[in-house]
Amino acid sequence: MWLEKPFFSIWCYQIPFVYYEAFILKLFGSELVLKLLNVAFMVVTNVLIYMIAREWAGPRAAFAVAVLYSVYPAPVLLSSVLTNQHISLMFLMLGIYFYIVNPSWRRILLSCLCLFLGNLMRPEAVLVIAAMLIHTFISFIEDFKWEYIRTALSKTLVLIASFIFLTGAASALLKITGAAPCGISNNCPEWKFVLGLDTESIGVYSEKNAYILNISDPRLRHEEAEKAISDSLRKCKSMPLFLWEKTKRMWANMESDTWSLIHIERSRPVWNEFRCFTFEKAINNIISFDKAVYILLYILIITACVILWLTPAEGNHRAFFFTALILVNYFVYLLIEIQTRYRYFIMPSFFILYAVVFRECFKKADMYFKKGDADLNPN
Amino acid sequence: MSGAKKTAGCLINTAAKILLIFAVLLSAVTLYQNVEVVLTVKTYNVFVYLVLLIAVIAAALYFLIKFDIPEKLYILLTVFFSLVPRLCFVLLVQTPISGDFLLIYNAARDTVAGVA
């Protein structure tokens with residue numbers, strides 16, 4: 001009886017993903033199909049990156065961004081892992097797409113449905129909703145008239161209200177049918193904060209306070225968690241240093257290959273003809289390439305922000321949605337547990353945002369080449 | 001009324017600028033941390049890849065400027081470039097299911113077998 005296991009009675013939000021996997025296994029009976037579906041979700045996410053970026057950066061810049069994301073190794077390394085991140089990210093990106101691109105009432109409801117499905121698989125939609133609230137406020141700059149403000153606000157509020165309703169209804173339905181007797185929420189939300197604010201482990205998973213999970217009374221558990229957090233913060237010699245180290249581990253550590261490549265015998269040669277080229281070397285090269293893309297990403301994000309600063313916000317307000325999403329995500333991971341794997345959710349936003357840089361490159365290049373052509377063919 | 005409108009517009013613009021300042025600051029800090037990590041673990045080939053990557057992107061951008069590609073082809077090419085590495089990885093690297101993922105997978109199998 002898997003539903004009775006503590007893992008599923010504490011982390012109830014994992015239950016819908018179990019039913020998704022069960023559904024696929026029932027239909028096809030193979031683990032490989034689950035992995036192939038991961039690939040399909042990732043491809044859709046990649047296409048959505050193109051379609052969203054195209055909206056304000058044009059097709060060429062969007063294509064350049066989408067291709068760069070497709071060869072970025074970090075998501076590829078996760079493709080063979082049966083994590084809920086792939087399906088969730090696809091639905092969340094679809095929700096963002098419907099919200100950002102021509103947000104009619106119909107598309108707002110579709111966005112809500114996609115956010116709900118994404119959240120059902122992995123509860124990260126709250127980050128998207130927080131970014132939507134910030135973006136709604138910024139978008140008033142487009143047309144500062146009561147009519148526009150009322151429509152934009154009511155769309156966002158309807159989206160949030162419908163999302164809360166759908167999530168509540170799904171939880172109640174699964175509870176009533178016995179499919180998820182404890183609902184589908186996180187029954188120990190304080191645990192993520194206990195881990196995230198553990199100044200000894202610098203925010204990564206540790207077993208030190210795991211006894212908190214065994215306390216069945218929620219009030220006592222909450223008190224114990226509070227005590228663990230305040231103890232940890234009191235022992236911390238320097239809070240800025242802790243945050244510096246934590247952000248470094250989350251946003252700067254080399255990508256982890258252990259999720260998908262732990263079974264590889266690293267000393268084995270990749271090809272028998274080239275015995276010196278081992279799997280160890282191959283993996284290290286992939287990780288280095290990943291870091292190169294990652295560093296380039298940050299250089300381009302700084303450039304994108306400078307471009308957004310210099311251009312009027314009216315035409316670029318959609319780009320501010322992704323800036324807000326990145327910032328919200330960054331601040332949330334200051335407080336909760338970190339793993340390099342958790343970057344997966346936010347990376348598409350980085351790629352979409354820096355399409356702004358390529359847009360400017362194409363604009364300048366088009367002007368330059370057209371001038372060149374005019375020089376060659378003055379008539 | 002117009003004055004109030006102007007003030008509100010100014011306020012939103014300031015909020016947008018604050019957002020950008022935060023984004024630039026955090027990105028600059030993260031960039032510094034990344035370079036620090038690369039130097040600490042002595043994986044200097046990252047910088048070689050970075051230079052190569054910039055060269056390839058520059059060449060790709062030049063190609064996109066010079067040649068007009070139909071817009072429909074962009075989506076097909078995105079699907080192709082996205083699909084190939086992921087499909088190859090899934091088929092060639094047979095990652096065993098482990099940890100929490102195994103717990104979830106076994107629960108799914110139990111559900112199929114009728115043991116919920």
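Letters A, B, ... mirror the listed sequences (proteins, then strands); counts begin at 1.
The closest side-chain heavy-atom distance from A/Tyr19 to A/Ile15 is below 4.5 Å.
By number of non-hydrogen pairs under 4.5 angstrom with chain B, the leading residue of A/Met254, A/Glu31, A/Lys26 is A/Glu31. Listed options A/Phe17, A/Phe8, A/Phe350 were ranked by heavy-atom pairs under 4.5 angstrom with chain B; first place goes to A/Phe8. Heavy-atom pairs under 4.5 Å with chain B peak, among A/Trp251, A/Trp11, A/Tyr50, A/Tyr69, at A/Tyr50. The candidate with the highest count of non-hydrogen atom pairs below 4.5 Å against chain A, out of B/Leu31, B/Thr43, B/Ile65, B/Val24, is B/Ile65. Interface remark: of the candidates B/Val48, B/Val41, B/Leu77, B/Leu77 forms the most heavy-atom pairs closer than 4.5 Å to chain A. For chain A, the option among B/Leu20, B/Leu11, B/Leu50 with the highest count of heavy-atom pairs below 4.5 Å is B/Leu20. The greatest number of non-hydrogen atom pairs below 4.5 Å with chain A, out of B/Val93, B/Leu26, B/Leu83, is found for B/Leu26. Ranked by heavy-atom pairs under 4.5 Å with chain A, the first of B/Phe22, B/Tyr105, B/Phe81 is B/Tyr105. With chain B as the partner, the residue from A/Leu327, A/Ile301, A/Ile326, A/Val293 showing the most heavy-atom pairs under 4.5 Å is A/Leu327. Of the listed residues A/Phe23, A/Trp309, A/Phe362, the one with more heavy-atom pairs under 4.5 angstrom with chain B than any other is A/Trp309.
The parts of B/Ala107 that come within reach of chain A are both its backbone and its side chain, each placing non-hydrogen atoms under 4.5 angstrom from that chain. For a residue to count as touching a neighbouring chain, one of its non-hydrogen atoms must lie under 4.5 Å from one of that chain's; by this rule A/Leu297 does not touch chain B. The contact between B/Leu91 and chain A is made entirely by side chain atoms (from C-beta outward), counting heavy-atom distances below 4.5 Å. When heavy atoms are compared at a cutoff of 4.5 Å, B/Leu61 approaches chain A by way of both its backbone and its side chain. Neither the backbone nor the side chain of B/Leu52 comes within contact range of chain A; no heavy atoms are under 4.5 Å apart. Looking at A/Phe289, both its backbone and its side chain come within 4.5 Å of chain B, counting heavy atoms on both sides. If you measure heavy-atom distances from B/Glu36 to chain A, the contacts under 4.5 Å come from the side chain alone. With a 4.5 angstrom heavy-atom cutoff, A/Ile287 does not touch chain B via any of its atoms. At a 4.5 Å heavy-atom cutoff, B/Tyr44 makes no contact with chain A through either its backbone or its side chain. For A/Leu77, the parts lying under 4.5 angstrom from a heavy atom of chain B are both the backbone and the side chain. Using a 4.5 Å cut-off between heavy atoms, A/Asn285 touches chain B through backbone and side chain atoms alike. Proximity to chain A (any heavy atom under 4.5 Å) is shown, for B/Ile69, by neither the backbone nor the side chain. The part of A/Phe331 that comes within reach of chain B is its side chain, from C-beta onward, which places non-hydrogen atoms under 4.5 angstrom from that chain. For B/Phe80, no part lies under 4.5 angstrom from a heavy atom of chain A.
With respect to the salt-bridge test (charged N to carboxylate O, under 4.0 angstrom), the residues A/Arg341 and A/Glu255 do not qualify.
A donor atom on one side chain and an acceptor atom on the other are not found under 3.5 Å apart for A/Gln14 and A/Arg122. Side-chain contact check for A/Asn46 and B/Thr78: no donor-acceptor pair (N or O, by modelled atom type) lies under 3.5 Å. A donor-acceptor contact under 3.5 angstrom links the side chains of B/Thr95 and A/Ser80, judged on distance only. Between the side chains of A/Tyr20 and A/Asn84, not a single donor N or O lies within less than 3.5 Å of an accepting N or O. Of the N and O atoms on the side chains of B/Asn34 and A/Lys291, at least one donor lies less than 3.5 Å from an acceptor on the other residue.
A cation-pi geometry, defined here as NZ or CZ lying under 6.0 Å from the six-membered ring centre and within 45° of its normal, holds between A/Arg343 and A/Tyr294.
If you look at B/Phe67 and B/Phe63, their ring centroids are closer than 6.0 Å.
In B/Leu39, the CG atom is crowded: over 12 heavy atoms of neighbouring residues, nucleotides or ligands sit closer than 6.0 Å.
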**Request:** Run the numbers on B/Asp110 and A/Lys5 for salt bridge (Lys or Arg N to Asp or Glu O under 4.0 Å), then give the verdict.
**Result:** CA-CA 13 Å; B/Asp110 284 352; A/Lys5 285 182 182 165; 5.3 Å; no
**Asked** Can you list the steps and then say if B/Glu71 with A/Arg54 is a salt bridge (Lys or Arg N to Asp or Glu O under 4.0 Å)?
**Response** CA-CA 10 Å; B/Glu71 222 182 299; A/Arg54 187 183 58 181; 3.4 Å; yes
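The aromatic rings of A/Trp259 and B/Phe101 sit perpendicular, their planes meeting at an angle over 60°, well past the 30° parallel limit. Ring-plane geometry between A/Phe137 and A/Phe140 is classed as perpendicular, the angle between the planes exceeding 60 degrees on a 0 to 90 degree scale with a lower cut at 30.
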